[in-house]
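One structure is given below, encoded as structure tokens.
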Number of protein chains: 2
Amino acid sequence: MAEGLFRAIGYQKTAVADIARELGMSPANVYLFFPSKSAINEAITARLLEGVASDLEAIADGPGAAPDRLRAMLRALHARHLALFFSQKRMHDMVSAAMSEHWGVISGFIARIEAAMGRVIADGARRGEFAPIDPAEGARMLKQATLCWTHPVLIADAMDKRQVEEAQMAGELDGMLDLLIRGLRPDS
Amino acid sequence: MAEGLFRAIGYQKTAVADIARELGMSPANVYLFFPSKSAINEAITARLLEGVASDLEAIADGPGAAPDRLRAMLRALHARHLALFFSQKRMHDMVSAAMSEHWGVISGFIARIEAAMGRVIADGARRGEFAPIDPAEGARMLKQATLCWTHPVLIADAMDKRQVEEAQMAGELDGMLDLLIRGLRPDS
DNA sequence: GAACTGACGAAAGTCAATATTCGTCAGTGA
DNA sequence: TCACTGACGAATATTGACTTTCGTCAGTTC
């Protein structure tokens, strides 16, 4: 129904009249499906984030050692944001706006990812791969420590101004993950 | 000479005419001391950051265990930014602008602090308190992992929207520092 | 001639009038 | 009744005239 929407849309620049024309409707009719323009934006964003979140959850709840899964999750999250920035700038801008303006979708997305990371940490602790830290707290710290690599605004900042290479950034993230995972390990 | 400047000035809102009046000069005369308006802003910012940097260097090069000094440095840095945000919003805004617009002063300031943290890490490694990690790399990671608590824009964001308590924020920083310092320790 | 200034062009910022866009609602056709 | 629309008031964006500010320079004062 609203499938056609998610194709040729750019955030904040296209009017609902454009969307309606794209769908072969009148502008008024769009409001039978969405309560407001910002609801449309949120729906598009939610659609995008849903894909990311389910990918990360697949990693979190999949096989492998807990540290490896954490590493894979954060690498994947970083890679997704980087890809967005380079190949779908409009979407990147929309997600950036969603974060700085604290849209509704974002908090759910973050909670979902933190929960997934929390599960991995709890699992790792159960298996003796991690120290018995509070999973929720650990997950939040991981998120905050890697903010540079997963926050759209900070990524854009790094790429725009400092001219950081893509590979170098990924390398630094790996170093950070080494440090954090060392910190999570139990005393031996 | 330019001492009188640093009192009653607000960033980006006061004209050089105001500064000149404050100093009992004509606007034109100000340009004998500063090459441009932005040079005045940078000078004010540099003055502020100089104080912070020298405080942190005193901690870095002072007595105590390396982990404790690192912790003290980052706590102090966080506290300074928080204090700025609450009691000198104009200055906070100026530093924020300096960071987002990448003024000249900033890179020097960051380099200085990273160097100081690097010295502490190297010192700790020499004494066996830390694993033999590359000091520069370790310092950069510490900086990035604690960005939430030391980046003016992120602090403002956290305080404005999420209504985070001051104490809670400091507590989370402590947790983060625990994790990071655990990660830096040598295998035992 | 050293220290400073008034006056001025260029650039940036301000604000109100204008033009778009949002979202509603009575109304059309099936 | 249901799926939809044209027309319209309210809210938001854009334009452009006007004002302020920046930074220079010839010129004044001591």
Side-chain angles (χ1 to χ4, degrees), chain A residues 1-48 89-106 153 156 160-161, chain B residues 1-48 89-106 153 156 160-161:
Chain A
M1 175 191 301
E3 293 294 331
L5 274 180
F6 304 89
R7 307 300 168 203
I9 284 185
Y11 158 68
Q12 194 64 315
K13 187 160 170 207
T14 52
V16 312
D18 300 328
I19 299 173
R21 198 180 322 113
E22 181 78 17
L23 296 176
M25 293 177 177
S26 82
N29 201 39
V30 171
Y31 287 93
L32 294 180
F33 302 101
F34 293 99
S36 71
K37 166 97 185 266
S38 65
I40 300 176
N41 288 333
E42 293 221 15
I44 298 173
T45 308
R47 174 71 61 108
L48 177 71
K89 207 132 202 315
R90 313 223 65 139
M91 285 289 175
H92 170 90
D93 291 344
M94 187 161 68
V95 177
S96 292
M99 295 200 72
S100 1
E101 295 161 20
H102 297 87
W103 297 2
V105 240
I106 296 299
V153 177
D160 280 351
K161 300 270 177 168
Chain B
M1 176 191 302
E3 293 296 331
L5 276 180
F6 305 90
R7 307 302 167 202
I9 283 185
Y11 158 68
Q12 198 62 315
K13 183 153 172 217
T14 52
V16 314
D18 300 328
I19 298 173
R21 198 179 322 112
E22 181 80 16
L23 296 176
M25 293 176 176
S26 82
N29 202 38
V30 171
Y31 288 92
L32 294 181
F33 301 102
F34 294 99
S36 72
K37 168 97 186 267
S38 64
I40 299 176
N41 289 333
E42 292 222 18
I44 298 173
T45 308
R47 174 71 62 106
L48 177 70
K89 206 131 201 320
R90 315 223 65 140
M91 285 289 176
H92 170 89
D93 291 344
M94 186 160 69
V95 177
S96 293
M99 294 200 73
S100 2
E101 295 161 20
H102 296 86
W103 296 3
V105 240
I106 295 298
V153 175
D160 280 352
K161 300 270 176 169

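None of the values given here were measured: they were computed from a predicted structure. Proteins get letters first, then strands, A, B, ... in listed order; numbering begins at 1 in each.
Atom OH of B:Tyr31 and atom P of D:dC25 are 13 Å apart (whole Å). When the C1' atom of D:dT5 is taken as reference, atom CZ of A:Arg21 falls 16 Å away, rounded to whole Å. When the P atom of C:dG13 is taken as reference, atom NZ of B:Lys37 falls 10 Å away, rounded to whole Å. Rounded to whole Å, the distance from CD1 on B:Ile19 to C1' on D:dT21 is 12 Å.
Closest approach of A:Ala156 to A:His92, counting heavy atoms only: CB-NE2, 3.7 Å. Contact detail for A:Tyr31 and A:Ser36: the closest heavy-atom pair is CE2-CA, 4.0 Å. Heavy-atom minimum distance, A:Ala17 versus A:Pro27: CA-CG, 4.1 Å.
At a threshold of 4.5 Å between non-hydrogen side-chain atoms, the residues A:Trp103 and A:Asn41 count as touching. With a 4.5 Å cut-off on side-chain heavy atoms, B:Met99 and B:Val153 do not count as touching.
Nearest to the side-chain atoms of A:Ser36 among the listed nucleotides D:dT21, C:dG23, D:dG23 stands C:dG23.
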Pairs under 3.5 angstrom, nitrogen or oxygen only, protein versus nucleotides 5-9 of chain C, please.
unit_1	atom_1	unit_2	atom_2	d
C:dT5	OP2	B:Ser26	N	2.9
C:dT5	OP2	B:Ser26	OG	3.2

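In this structure, B:Asn29 contributes its side chain and B:Ser26 its backbone to no donor-acceptor pair below 3.5 Å.
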